[in-house]
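Shown next, in structure tokens, is the structure this report addresses.
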Amino acid sequence: MRKLPGGVAAIGGGVWLTFSALAHGWNMPLGVTALSRDIHGLHMTIFWICVVIGVVVFGVMFYSLFRYRRSKGAQASLFHENTKVEVIWTTVPLLILIGMALPATATLKQMYDAKDADLDVMVTGQQWRWHYEYLGEDVAFTSNLATPRDQIDGAAAKGENYLLEVDEPLVLPVGRKVRFLLTSDDVVHSWWVPDLAVKQDAIPGFVNENWVRIETPGTYRGQCTELCGRNHGFMPVVVEAMEPDAFDSWLAERQQAAAREASGVDREWAMDELMSRGQQVYESICASCHQVDGSGNPPVFPALANNPALMAERDRHIATVINGVAGKPMPAFSSSLSPVEIAAVITYERNAWGNDTGDSVQPSEIQARLE
Amino acid sequence: MAPKLPPRLPPQHPLEQAGEAAGPAGHAEAGYHHGPKGLLRWLLTTNHKEIGTLYLIFSLSMFFIGGIFALVVRAELFQPGLQLVQPEFFNQMTTMHGLIMVFGAVMPGFVGLANWMIPLQIGAPDMALPRLNNFSFWLLPVAFTLLLSTLLMPGGGPNFGWTFYAPLSTTYSPPSTTFFILSLHMAGISSILGAINIIATILNLRAPGMRMMDMPLFVWTWLITAFLLIAVMPVLAGVITMMLLDINFGTSFFNAAGGGDPVMFQHIFWFFGHPEVYIMILPAFGIVSAIIPTFARKRLFGYASMVYATSSIAILSFLVWAHHMFAVGLPLVAELFFMYTTMLIAVPTGVKVFNWIATLFQGSISFETPMLFALAFVVLFSIGGFSGLMLAIAPADFQYHDTYFVVAHFHYVLVPGAVFAIMAAVYYWLPKWTGHYPNERLGRWHFWTSVVGVNLTFFPMHFSGLAGMPRRIPDYALQFADFNMASSIGALLFGTSQLLFVWMIIKCVRGGEKAPAKAWDGAEDLEWTVPSPAPLHTFETPPRFQHQEH
């Protein structure tokens with residue numbers, strides 16, 4: 001029989017591949033929280049249970065295939081049905097499962113205990129970026145993919161953290177319990193960082209909870225894991241965990257910056273100031289759908305360049321950015337962008353790519369409309 | 001089993017049966033056919049064998065189309081970066097691959113086998129509702145032509161995954177989504193009608209003397225599958241109708257801004273979707289339960305426990321749907337409930353695997369191609385079962401969910417699971433269909449290239465998933481490169497090796513070693529009592545079925 005050694009070799013090869021891959025770090029990460037280690041433990045336990053069952057079951061199977069070959073003159077025996085054996089192979093798996101369910105239940109209970117957090121972070125998924133808001137701290141920002149387009153297209157060498165790098169990482173303190181509140185402005189996203197063992201869907205109209213207490217400072221990378229449209233693969237999550245002191249001074253710095261931003265509402269902005277700020281906001285927020293050159297992606301995402309209808313209606317343009325469009329992919333930006341950013345981006349859109357309306361929109365006007 | 005049964009008699013002699021089939025009805029020639037010729041014959045046929053053949057050819061064509069889509073995906077993922085396609089088209093390819101394989105290849109494949117074999121296995125002259133049978137088949141080419149045509153429409157075809165989660169598939173979907181809904185409705189009606197037909201056939205047309213617990217397991221598993229289809233295809237119809245209303249008529253079932261509930265979509269979808277995955281595997285259990293005893297020349301170890309295990313799996317399949325949704329933020333008690341019920345499914349599934357192995361034990365085993373595929377099914381489906389058990393552990397599922405680990409899991413149960421079972425069935429029953437044995441040498445080549453290809457494709461996906469690669473992404477971080485390259489090479493090998501399968505079928509239809517009525521010496525069921533190839537009309541007079549003590 002040539003086939004049989006082939007089968008054995010295949011399974012042997014699979015087993016060898018499994019262990020060498022696991023040994024080389026191709027496994028679930030141990031992570032940097034107590035829960036991530038518990039989850040890793042459950043994963044390895046159930047894995048070994050499967051390996052043992054597999055060795056026994058496939059062992060009997062391959063023994064039978066080898067031992068009872070007709071080519072070696074095996075005669076079939078007539079036995080069938082045996083209540084004792086059947087009871088054993090029903091109850092033993094049941095007992096193993098109960099043994100596995102107990103620790104899994106305990107871990108799950110801990111994962112669901114999000115109360116008494118030291119810090120609340122609102123995580124909002126948007127096509128195709130993450131928006132973070134430190135609740136009660138007046139700090140909020142958007143986190144975009146930082147990998148340049150030419151690396152993706154193969155025009156430049158790919159960097160070490162290709163597709164797993166962002167312009168502004170989520171900064172968190174180690175040792176403190178951080179609660180995440182997750183939601184979405186458009187479609188379902190899912191926020192995942194393997195080292196933190198946190199994966200939670202961000203769903204429009206819902207606020208989900210999860211939490212983490214990071215033990216080790218460092219940079220932890222993950223991705224959106226729920227298909228959310230065209231750039232689903234380009235929506236990384238980066239968490240930078242720092243010592244509590246460093247985190248506190250980082251937070252204070254961001255609060256001052258936010259205060260400066262808020263004070264910008266009251267003054268008159270010059271056109272070129274608005275344009276350069278607007279371009280920055282446009283390219284980080286709007287270009288993923290409407291394209292850098294404003295050509296859009298019809299029929300779903302309308303063009304902004306060569307769109308005389310829109311340019312004729314300054315008011316509708318402002319209302320669309322602030323409130324979004326019901327029943328269409330355009331989200332409301334009133335909460336995720338500041339008045340300065342909204343004013344700047346509308347000014348930019350009305351003057352870039354040959355639109356040249358000459359309109360400028362002042363932050364104070366947006367502020368008034370928001371109120 | 002009840003001890004009162006009369007002793008088992010050997011099946012009738014083939015010649016006696018053939019004579020009987022031809023005799024009383026007065027059809028002297030075996031291939032007697034009346035009705036239109038040429039294309040119209042196939043369009044209007046009500047014959048279960050011809051419709052079965054149509055289903056199988058359709059399924060094979062869809063298998064290749066869906067396979068080409070998969071190869072586009074794998075070619076793009078061969079190395080990091082975007083080389084061949086843009087993300088918009090990539091998403092259409094993953095979506096269409098899933099839809100075509102699930103609704104176009106695997107389900108019609110099993111229905112084709114059911115059409116051919118259920119009447120032959122229960123001694124019925126045809127399906128109970130032959131015209132309905134014709135209609136349920138011809139809905140499919142229409143439905144899938146429409147579905148494929150969406151790729152050419154403005155905005156492209158479906159790009160939201162085969163699970164089409166709202167609101168990505170409603171508010172944010174391309175305009176062609178309405179056609180996608182229509183095509184899925186047609187495929188669903190086809191499935192429901194096919195299921196009604198199969199149930200009516202099995203319950204009403206069994207040969208005199210054949211009780212439920214005498215039916216071959218392929219018939220049993222299909223009966224249970226048909227009930228699952230009738231239960232859940234209307235649920236699918238409901239959810240896509242709600243999508244249709246959201247997209248075209250301004251309702252807000254799934255639009256949070258209008259007071260709708262995107263999570264409700266997932267509950268409804270998976271209430272259909274989980275039984276659906278068993279719809280794609282239960283008939284495979286039946287096939288393997290026919291082939292293993294044949295080539296082990298030994299009765300199936302536990303017939304009754306196989307029937308009970310299949311039924312338990314079917315009932316449990318309605319109680320586990322939310323294990324696809326562990327990360328959507330279910331309450332703790334729901335997570336625990338769905339974790340426990342999901343783990344429980346391992347018990348009846350284990351019973352099945354143990355039964356097959358106990359059948360092999362002390363048999364007299366030979367390794368013809370159908371047996372090779374059936375044995376590979378047992379091993380590789382079990383590996384898919386193991387990863388399924390791992391996924392059932394809810395805390396760990398938070399790490400596995402929506403990664404390539406899940407992709408590896410469901411491809412192990414669907415490709416070397418369902419697809420290998422269909423191939424095993426084709427090799428097993430080809431002598432009955434064509435009168436010729438399949439070429440054993442080609443079969444072996446096909447088998448070994450498929451086994452190597454399938455494992456090279458899907459085994460590394462376990463590791464890319466564990467290492468953190470999400471599914472449905474067109475480009476990936478550099479640490480996933482090696483295993484993706486291996487997967488892509490495996491996919492190319494598996495895809496091209498299916499050409500051997502087609503070549504084998506063509507050769508077998510055209511000629512080859514002549515097969516007797518009982519083509520495999522260990523085969524027992526009624527289909528082996530009619531001549532090979534099976535004449536167009538069989539069992540016009542019901543055979544006398546003798547109780548077998550299973």
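Residue numbering restarts at 1 for every chain, and letters A, B, ... go by the order of the sequence lines.
Checked by atom type and distance alone, the side chain of A:Asp201 never pairs as donor or acceptor with a backbone atom of B:Gly329 at under 3.5 Å. At distances below 3.5 Å, not a single donor-acceptor pair connects side-chain atoms of B:Gln362 with backbone N or O atoms of A:Ala76. Between the A:Lys199 side chain and the B:His401 main chain, a donor and an acceptor come within less than 3.5 Å of each other. Side chain of A:Glu226 to main chain of B:Asp402: no donor-acceptor pair is present (N/O by atom type, distance under 3.5 Å, no hydrogens or angles). The closest donor-acceptor contact from the side chain of B:Asn91 to the backbone of A:Gly229 lies under 3.5 Å. Using modelled atom types, no side-chain atom of B:Ser364 and backbone atom of A:Arg70 make a donor-acceptor pair closer than 3.5 Å.
Listed options B:Gly468, B:Ala396, B:Gly350 were ranked by heavy-atom pairs under 4.5 angstrom with chain A; first place goes to B:Gly468. Note: A:Leu163 leads A:Leu163, A:Ile96, A:Val60 in heavy-atom pairs under 4.5 Å with chain B.
A donor atom on one side chain and an acceptor atom on the other are not found under 3.5 Å apart for A:Gln127 and B:Tyr172.
Contact of A:Asp113 with chain B is not made at all, since no heavy-atom distance falls under 4.5 Å.
Each of A:Leu35, A:Leu108, A:Val198 was checked for a side chain to side chain contact (heavy atoms under 4.5 Å, CB included) with B:Phe398, and the lone residue meeting it is A:Leu108.
The aromatic ring centres of A:His43 and B:Tyr400 sit less than 6.0 Å apart.
Remark: A:Leu95 CG is packed, more than 12 non-hydrogen atoms of other residues, nucleotides or ligands lying under 6.0 Å away. More than 12 non-hydrogen atoms from other residues, nucleotides or ligands lie less than 6.0 angstrom from CD of B:Gln83.
For the pair A:Tyr112 and B:Pro331, the minimum side-chain heavy-atom distance is 4.5 Å or more. Put simply, the side chain of A:Tyr162 does not reach to within 4.5 Å of the side chain of B:Tyr476, judged on heavy atoms.
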